[in-house]
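On a predicted model such as this, the values are computed, not experimentally measured, just so you know.
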Amino acid sequence: KVGDVITFSGRKHYTSAAGSTGSTCKPGKAKITAIAKGKAHPYHLIAVSGGGSTVYGWVDASTVSVGSEAAAATSYRVKITAKGPGTNYGINGSIKGGGIYTIVAESDGTGATKWGKLKSGAGWISLDYASKV
């Protein structure tokens, strides 16, 4: 997701997500700054200081990998702080009262500033009505 530090294994970056001519760069640690789903080069990366990489541009999905360190950082617990409104999607269920839930992924989307994927597999919740614990 945007903001994750990943390992970039490629040697080319592009000026656009659909670019056809790439420039040479070095592999290493980099940060995802944007995602263009469905494009030839869906991830925009910038090199992380001290990470060895010189990437600054759009790269192929096959050249991006998340180490166990980064994967662990995306899992955290939240407490529901309020009951929120519905959205333009159907309701799978509801959370009654407060509770503590584990979030394993985040995503942008209609109806909330940020959505959190529940570890239980029950679906996604609006993180607008939850706080990290």
Side-chain angles (χ1 to χ4, degrees):
K1 71 180 186 318
V2 172
D4 281 354
V5 174
I6 53 85
T7 300
F8 169 62
S9 61
R11 301 208 179 268
K12 282 198 173 200
H13 56 177
Y14 302 82
T15 57
S16 76
S20 58
T21 305
S23 300
T24 303
C25 62
K26 292 180 183 177
K29 296 289 181 194
K31 184 177 183 178
I32 298 174
T33 60
I35 299 173
K37 293 179 182 175
K39 298 293 184 179
H41 320 292
Y43 295 99
H44 188 274
L45 304 180
I46 59 170
V48 172
S49 180
S53 176
T54 58
V55 66
Y56 184 86
W58 295 91
V59 302
D60 299 337
S62 64
T63 63
V64 173
S65 62
V66 178
S68 59
E69 179 181 302
T74 61
S75 179
Y76 59 91
R77 293 168 30 125
V78 297
K79 180 177 183 181
I80 305 303
T81 57
K83 293 180 182 175
T87 69
N88 59 333
Y89 295 98
I91 297 171
N92 279 348
S94 63
I95 295 173
K96 306 264 188 235
I100 299 195
Y101 301 88
T102 301
I103 303 300
V104 295
E106 292 181 352
S107 182
D108 295 329
T110 304
T113 305
K114 188 70 74 175
W115 291 96
K117 184 175 184 180
L118 295 169
K119 181 180 180 180
S120 68
W124 295 76
I125 63 169
S126 168
L127 294 178
D128 295 344
Y129 303 99
S131 60
K132 286 186 180 183
V133 292

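- Taken to the nearest 0.5 Å, the OH atom of Y43 stands 12.0 Å off from the NZ atom of K1.
- Checked by atom type, the side-chain pair K12/T24 shows no donor-acceptor distance below 3.5 Å.
- Linking Ile, Leu, Val, Met, Phe, Trp and Tyr whenever their side-chain heavy atoms come within less than 4.5 Å puts V55 and V2 in one cluster.
- By the side chain to side chain contact (heavy atoms under 4.5 Å, CB included) test, T54 is found to be paired with C25, K26, residues two or more places apart in sequence or in another chain being considered.
- Shortest non-hydrogen contact noted between S53 and A47 is O-CB, 3.2 Å.
- In the hydrophobic cluster analysis, where Ile, Leu, Val, Met, Phe, Trp and Tyr join through side-chain heavy atoms closer than 4.5 angstrom, Y101 is grouped together with L127.
- Y14 places none of its side-chain heavy atoms less than 4.5 Å from the side chain of T21.
- Here the straight-line distance linking atom CZ of F8 with atom CD1 of I46 works out to 13.5 Å at 0.5 Å rounding.
- Here the closest heavy-atom approach between residue P27 and residue G10 is recorded as CB-O, 3.5 Å.
- When all heavy atoms of W58 and P42 are compared, the pair lying nearest together is CZ3-O, 3.6 Å.
- Take T33 and apply the side chain to side chain donor-acceptor pair (under 3.5 Å) test, not counting sequence neighbours, and it matches H44.
- Side-chain contact check for V59 versus H41: every heavy-atom pair is 4.5 Å or farther apart.
- Taking 4.5 Å as the limit, every side-chain heavy atom of I6 sits out of range of all side-chain heavy atoms of K29.
- With sequence neighbours excluded, no residue satisfies ring pair (Phe, Tyr, Trp, His ring centres under 6.0 Å) with H13.
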